[in-house]
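Written out below as structure tokens is the structure these notes cover.
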2 protein chains.
Amino acid sequence: MSLKDVGKDSKQIVERSTRQQSSILEALYGIDEFKSAQEIHALLAKKKLKVGLATVYRTLQKMAEKEDIDAIKSTEGETLYRHCGQNDGHHHHLICNKCGLTITVEGPAIENWTEKVAKENGFSEVSHKVDIFGVCKGCRRK
Amino acid sequence: MSLKDVGKDSKQIVERSTRQQSSILEALYGIDEFKSAQEIHALLAKKKLKVGLATVYRTLQKMAEKEDIDAIKSTEGETLYRHCGQNDGHHHHLICNKCGLTITVEGPAIENWTEKVAKENGFSEVSHKVDIFGVCKGCRRK
DNA sequence: ATACTATTGGGAATGATTATCAATAAGAAA
DNA sequence: TTTCTTATTGATAATCATTCCCAATAGTAT
Ligand SMILES: [Mn+2]
Ligand SMILES: [Mn+2]
Ligand SMILES: [Zn+2]
Ligand SMILES: [Zn+2]
């Protein structure tokens, strides 16, 4: 096959793995709280891992799209990311306003409720967002 | 009482009512979808009501704090406001992704669930955020 | 009317996120 | 290994919503 004939056939590479991506993913392990792209960027810098800020942003949102990691918006509007490993499927969060400690929670109760409410009102293709904020036991005793 | 003696006693005025504030509040009536500060500012401009953008921002967040109006964050991170009149107390939303139509919903089911989950995990001072997104009946038949 | 000061508004400043685009480096093919 | 294609990176500029600044304006008590 000559070079000219390559065309579409050579488009077999879909994605490439890079040290930047591994660094970012690794950083997410070992943390049990949501972090912003900026915070993760700083975290990597502290570990002497040079990764461009733009790359951190791009990589995190790509991972979130693939649902490899979880993303939420802080009350200030920032996007925060976290690896919620243990619980791979659909779940919600219980987040400490003081220290950021996050616990994943789930239960048929809200799932059923949201489904029922949506149906009653003629909505389809529904999704929902349920997050609980508060102060964890550890932070309370301070 | 002389001027010098006025001191703290003269601090009786707590808030003042202005045409800007009324304009903004009025604009919120007659709309049944969440709007951003910018959108409301444009809306007022269209009605020939001159109100500074900064004032729109300030007023809306002040109203939201007082819970005179409701505020949520769009998926893009913008703060959106709406007057959810009929239902004055705590409630949640069922929002159409296509047209923005919003229906307020409530129920002890989630209230109890979130309360229970928080307590089980030792959290206090809890609040929660529950919103359901989907496609309304009207938008589906298009 | 006068005094006091809450409120306004135009524009600068902020800060997170996105867009650019040339340089770099996976990975397939030779 | 060397070459080649192009996905990915990263420094920097550009966006854009929101906040800050502060002099000018305008409610309200007296
Ligand atoms: Mn759920
Ligand atoms: Mn509730
Ligand atoms: Zn805590
Ligand atoms: Zn609709």
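Lettering follows sequence order; numbering is per chain, from 1. For the numbers below, each heavy atom of this structure counts, side chains included, while hydrogens, waters and symmetry mates do not.
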Would A:Leu43 and A:Tyr81 show up in the same hydrophobic cluster when neighbours are defined by side-chain heavy atoms closer than 4.5 Å? no
Would you say a side-chain N or O of B:Ser17 is under 4.0 Å from OP1 or OP2 of C:dT7? no
Grouping I, L, V, M, F, W and Y whenever their side-chain heavy atoms are under 4.5 Å apart, do B:Val130 and B:Val117 come out in a common cluster? yes
Treat each ILVMFWY residue as a node, draw an edge where side-chain heavy atoms are under 4.5 Å apart, and state whether B:Trp113 and B:Leu94 are in one component. yes
Phosphate OP1/OP2 of C:dC4: any B:Arg16 side-chain N/O under 4.0 Å: no
Look at A:Gln20 and D:dT8 and indicate whether a side-chain polar atom (N or O) is within less than 4.0 Å of OP1 or OP2. no
Can you sort out which residues in residues 46-65 of chain B have a heavy atom within less than 4.0 Å of DNA chain C? Ascending by number, please. B:Lys50, B:Val51, B:Gly52, B:Ala54, B:Thr55, B:Arg58
Heavy atoms within less than 4.0 Å of DNA chain C: which residues of residues 28-43 of chain B have one? Give them sorted by number. none
With a 4.0 Å cut-off, would you call B:Glu26 and B:Lys47 a salt bridge? no
If two hydrophobic side chains count as joined below 4.5 Å and joins carry through other members, does A:Ile40 share a cluster with A:Phe34? no
Rounded to whole angstroms, how far apart are NZ on B:Lys73 and P on D:dC16? 18 Å
Hey, would you say the A:His128 and B:His93 ring centroids sit under 6.0 Å apart? no
Integer-rounded Å distance: D:dA17 P and B:Tyr81 OH: 14 Å
Using atom types as modelled and distance alone, determine if a side-chain donor or acceptor of A:His41 lies under 3.5 Å from a backbone N or O of A:Val51. yes
Nearest-nucleotide 5' precedence on DNA chain D, B:Glu78 against A:Thr18: A:Thr18
Starting at atom CD of A:Glu76, determine the distance to atom C1' of C:dT17, rounded to an integer number of angstrom. 16 Å
Test side chain to side chain contact (heavy atoms under 4.5 Å, CB included) applied to A:Arg82 and A:Ile69, A:Leu28, A:Ile31, A:Asp32, the passing residue: A:Asp32
Over how many whole Å does the gap from A:Arg19 atom CZ to D:dT9 atom C1' extend? 9 Å
N-O pairing of A:Glu15 and A:Lys66 below 4.0 Å: yes
